[in-house]
Amino acid sequence: MGFGLLYIIVTVYNHSIHFCFCFQLRHHSLFLSRIFHNMDQLHFFFFPMMAQGHMIPTLDMAKLFASRGVKVTIITTPLNEPIFCKAIQRNKHLGIEIDIRLIKFPAVENDLPEDCERLDLASDDKLPNFFRAAAMMKESLEQLIEECRPNCLVSDMFLPWTTHSAAKFNIPRIVFHGTSYFAQCVGASIRLNKPFKNVSSDSETFVVPNLPHQIKLTRTQLSPNEQSDEELGMSKMIKAVRESDSKSYGAVFNSFNELEPDYVEHYTKVFGIKSWAIGPLSLCNRDIEDKVERGNKSSIDKHECLKWLDSKKPSSIVYVCFGSVIYFTAAQMQELAMGLEASGQDFIWVFRTNNEDWMPEGFEERTRGKGLIIRGWAPQVLILDHESVGAFVTHCGWNSILEGVSAGVPFVTWPVFAEQFFNEKTVTDVMRTGAGVGSMQWRRSGSEGVKSEAIAKAIKRVMVSEEADGFRSRAKAYKEMARQAIEEGGSSYTGLTTLLQDISSYSSTAH
Ligand code: UDP
């Protein structure tokens, strides 16, 4: 599918624009670490894949590093600049600098619509074109590295060619997968052992070998690439990602030790590369504005949203949101509406659909007062952090999981694609802070097959059954651990200290 071009430097795209913003951290103790062990100020480049689920945590990561006295430059494309700018501008008055450098994204040259600078805007058949266009940013990136000479490049797993760019200038590249240690370990075991070959049908479960927990999956829950020995659409890209992972200086994780201690250890054994757990990254957003302004502009006024939440009892509502990418079929949307209604619980439901013919007759009238529908983009972290939220119906995107963990909210899990089926198992089988709707089919788009009865049952199980208190108390315990992890002396705080020390000593020996 033309992925070979990932490795070819094609044309010079040198239209980067320079913006410099001051950035400030309001958490006073952060100033203490401003001068880190008296060393020269480190300079990090952050280069996320152009997708909400990757840019949002990268911005949080950049803020976190800046709060520890690191000079930070974010690399992105012109149409994605607004996602970063507002947050940076809002904080600029306290004097920590974050740069944004823009690199032209060759969309049209790769047969993509002119404004297609985000992965979720590319249709399935154009994904190879998108990755090819991203790879064509290589030369501009290298010019920026040459100009700025950063100490380190933290770049997305989907930009595997950046390992080569970093090596050219003898700077370490740290890979950011945006997922958990657990998912990395499950994926590695499946690739190595191919346990799905030992079952006789797609729906028979197999155990993923050699993991600290007994994790069961079915073939249908794996991606086509994971199940096949043949070269499929994304397999060259995935191979390039694996190769570049192993050549990277290390991997940084939006996770924390206490969340998955067994898998931090297992990962280190299996992958043999350095890693640092520095999350949950979303916890760097401490005030309302920061929580509201993440990714797209919110489709609901924050006061209206908070007023609605304030009118509800603690732990009484279900928040339903499936991230930034997933689309269900109309039939599935209808089942979801019916399931929500049948659960009898109050809810906030976020969706993005072009038409609403699937909406059951009279649904909005019947659920008025009980339900709040947000059409478009929700201020997710603001909502999850509200005490009235009692459960999060999620597609198990890793950012969403960590945001729910940080808020102490139990989950109703409904994985759809990517590594979401693995993330579900972290919730249901490792943390034991949620119940699944019984999603069985990995599907990149047009997901369906989950019935309203199963949805209502899983919601009731987490909200009101005799198991609910158990889910809730375990979720609260993880929230405490998450918050402690990021405080001074906590595991993630120390993880970042170690990362900075590692890069500092690399830089001092490299020059
Ligand atoms: N998000 C949000 N409002 C929405 C939908 C998503 O703020 O209406 C944010 C969410 O808080 C998370 C990110 O978008 O930080 C989605 O990332 P995730 O890994 O959960 O899923 P993806 O979108 O990558 O599938």
Side-chain angles (χ1 to χ4, degrees), residues 52 120 291-292 294-395 397 400 404 407 409-414 416 437-439 445-464:
Q52 294 288 12
D120 54 289
K291 290 178 187 179
V292 172
R294 300 181 81 236
N296 292 338
K297 189 170 164 21
S298 172
S299 309
I300 184 168
D301 173 69
K302 59 178 181 288
H303 301 295
E304 189 194 330
C305 189
L306 286 172
K307 196 169 150 213
W308 193 90
L309 287 161
D310 286 344
S311 73
K312 300 291 174 187
K313 293 201 186 84
S315 304
S316 69
I317 74 141
V318 180
Y319 171 66
V320 186
C321 181
F322 295 90
S324 63
V325 182
I326 281 166
Y327 281 92
F328 289 129
T329 61
Q332 184 63 84
M333 290 299 280
Q334 191 172 58
E335 292 288 336
L336 173 49
M338 293 190 305
L340 261 181
E341 199 175 352
S343 77
Q345 307 301 307
D346 289 3
F347 61 84
I348 292 183
W349 182 11
V350 190
F351 60 72
R352 303 162 274 117
T353 52
N354 294 333
N355 79 58
E356 293 179 18
D357 294 348
W358 48 265
M359 181 90 71
E361 182 95 30
F363 176 82
E364 275 195 87
E365 292 71 39
R366 283 197 303 280
T367 56
R368 186 148 292 139
K370 273 185 83 61
L372 174 68
I373 291 180
I374 301 178
R375 292 176 167 85
W377 193 257
Q380 177 157 305
V381 169
L382 183 78
I383 293 172
L384 285 172
D385 281 351
H386 196 280
E387 61 165 10
S388 68
V389 178
F392 180 9
V393 181
T394 175
H395 68 305
S400 291
V409 175
F411 298 95
V412 172
T413 54
W414 185 336
V416 175
V437 295
S439 175
S445 57
S447 178
E448 62 180 6
V450 178
K451 294 285 171 216
S452 61
E453 296 78 16
I455 299 164
K457 193 170 161 202
I459 293 177
K460 285 200 260 187
R461 200 175 149 204
V462 172
M463 289 292 283
V464 291

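As the structure is a computational prediction, the values presented were derived from the model and not from experiment. Only heavy atoms go into these numbers, but all of them, side chains included; no hydrogens, no water, no symmetry mates.
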Determine whether Leu340 and Trp349 satisfy the following criterion, side-chain contact (heavy atoms from CB on, under 4.5 Å), listing intermediate values before the conclusion.
CA-CA 9 Å; Leu340 261 181; Trp349 182 11; 3.7 Å; yes
What's the verdict on side-chain contact (heavy atoms from CB on, under 4.5 Å) for Leu309 and Ile348, showing C-alpha distance, side-chain angles and the deciding distance?
CA-CA 9 Å; Leu309 287 161; Ile348 292 183; 3.8 Å; yes
Nearest-0.5 Å distance that lies between atom NE2 in His386 and atom SG in Cys305
8.5 Å
For Ala378 and Ser298 the tightest heavy-atom approach is C-OG, 4.5 Å
Whether the side chain of Lys312 engages the backbone of Val389 through a donor-acceptor N/O pair (distance < 3.5 Å, no angle test) should be reported.
no
Could you tabulate the donor-acceptor pairs under 3.5 Å formed by side-chain atoms of residues 316-337, not counting sequence neighbours?
| unit_1 | atom_1 | unit_2 | atom_2 | d |
| --- | --- | --- | --- | --- |
| Ser316 | OG | Lys313 | N | 3.4 |
| Ser316 | OG | Lys313 | O | 2.6 |
| Tyr319 | OH | Gln380 | OE1 | 2.9 |
| Tyr327 | OH | Arg352 | NH1 | 3.2 |
| Thr329 | OG1 | Gln332 | N | 3.1 |
| Thr329 | OG1 | Glu448 | OE1 | 2.8 |
| Gln332 | OE1 | Gly449 | N | 2.9 |
| Gln332 | OE1 | Val450 | N | 2.9 |
| Gln332 | NE2 | Val450 | O | 2.8 |
| Gln334 | NE2 | Trp358 | O | 3.3 |
| Glu335 | OE1 | Ser452 | N | 2.7 |
| Glu335 | OE1 | Ser452 | OG | 3.4 |

Applying side-chain contact (heavy atoms from CB on, under 4.5 Å) to Val409 and Phe411, what does each step give before you reach the verdict?
CA-CA 7 Å; Val409 175; Phe411 298 95; 5.9 Å; no
Salt bridge Arg375-Glu356, side-chain N to carboxylate O under 4.0 Å
yes
Check whether Trp377 reaches the backbone of Val350 with its side chain - one donor and one acceptor, N or O, closer than 3.5 Å.
no
By salt bridge (charged side-chain N to carboxylate O under 4.0 Å, His left out), which residues pair with Lys297, not counting sequence neighbours?
none
Decide whether Gln52 and Asn296 meet the rule of one side-chain donor and one side-chain acceptor closer than 3.5 Å.
yes
Test side-chain hydrogen bond (donor to acceptor under 3.5 Å, both in side chains) applied to Glu453 - qualifying residues, sequence neighbours left out
none
Shortest non-hydrogen pair, Gly339 vs Ala456, comes out as O-CB, 3.5 Å
Taking every non-hydrogen atom, the tightest pair across Val381 and Lys291:
CG1-CG, 3.7 Å
State, with a plain yes or no, whether a side-chain heavy atom of Pro360 is found less than 4.5 Å away from one of Arg366.
yes
Non-hydrogen atoms of Asp357 and Asn355 that approach each other most closely
N-OD1, 3.0 Å
Would you sort out whether Ile374 and Ile383 count as a side-chain contact (heavy atoms from CB on, under 4.5 Å), showing the intermediate values?
CA-CA 12 Å; Ile374 301 178; Ile383 293 172; 4.0 Å; yes
Could you report the tightest heavy-atom contact between Gly369 and Trp308, atom names first, then the distance?
O-CZ2, 3.8 Å
How long is the span from the CD1 atom in Ile300 to the CD atom in Glu304, to the nearest 0.5 Å?
4.0 Å
Okay, side chain of Arg461, backbone of Val412: is any donor-acceptor separation there less than 3.5 Å?
no
Mind checking whether Ser400 and His395 have side chains closer than 4.5 Å, heavy atoms only?
yes
